[in-house]
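Heads up: the structure comes next, in structure tokens.
Along the sequence shown, residues are numbered consecutively beginning with 1.
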Amino acid sequence: MQHTIQEIQAMSILTLYRMLIKNVQYYPSKNRFKIMLAIKESFRDNRQLNDPKRITQEIKIAQMGLRNLEMYRIKNNEMKDVYKVKDDGFQDSMNPKDKNFIYF
């Protein structure tokens, strides 16, 4: 389920953090773990912010990141459902044992 923009904007900071960590597992990158660590570090570093303008800016960045990660999660689920290998009935043996086959 993809959240609407209004739902994401209404989320608390803790819920936003949890959703980011949960959805980063679907991000198509070999650096997924580093991205998760960067998210955790960013939230940890910005815990003591007092400037309301900067807080709003960081929240918007996190909301945008969550929307992007949810997009990848939805695409991942779509790929699982739509793109399946079809059995075309090809049954030729990979190791034919007839008189024309040369064994080494």
Same cluster for [X] and [Y] if Ile/Leu/Val/Met/Phe/Trp/Tyr side chains link at under 4.5 Å?
X	Y	answer
Met71	Ile21	yes
Met64	Ile74	no
Leu66	Ile13	yes

Distance from Leu69 atom CG to Met36 atom CE, nearest 0.5 Å?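 One finds 12.0 Å between CG of Leu69 and CE of Met36.
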Report the distance from atom OG1 of Thr15 to atom CZ of Arg18, rounding to the nearest 0.5 Å. 6.5 Å
Show the nearest heavy-atom pair for residues Leu20 and Gly65, with the distance to one decimal.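 Heavy atoms of Leu20 and Gly65 come nearest at CD2-C, 3.8 Å.
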Is the side chain of Asn46 donor-acceptor paired with the backbone N or O of Ser42 at a distance under 3.5 Å, no angle test? yes
Are more than 12 heavy atoms from other residues, nucleotides or ligands located less than 6.0 Å from atom CE of Met79? no
So which pairs with a foot in residues 40-65 pass ring pair (Phe, Tyr, Trp, His ring centres under 6.0 Å), sequence neighbours left out? Tyr17-Phe43
With Arg67, which residues qualify under salt bridge (Lys or Arg N to Asp or Glu O under 4.0 Å), at least two apart? none
Under the side chain to side chain donor-acceptor pair (under 3.5 Å) definition, can you give me all pairs with a residue in residues 21-32, not counting sequence neighbours? Asn23-Arg73
Output side-chain donor-acceptor pairs under 3.5 Å for residues 47-57, partner residues at least two apart or in another chain, one line each.
residue : atom : partner : partner atom : Å
Arg54   : NE   : Glu58   : OE2          : 3.2
Arg54   : NH2  : Glu58   : OE2          : 3.3
Thr56   : OG1  : Pro52   : O            : 2.8

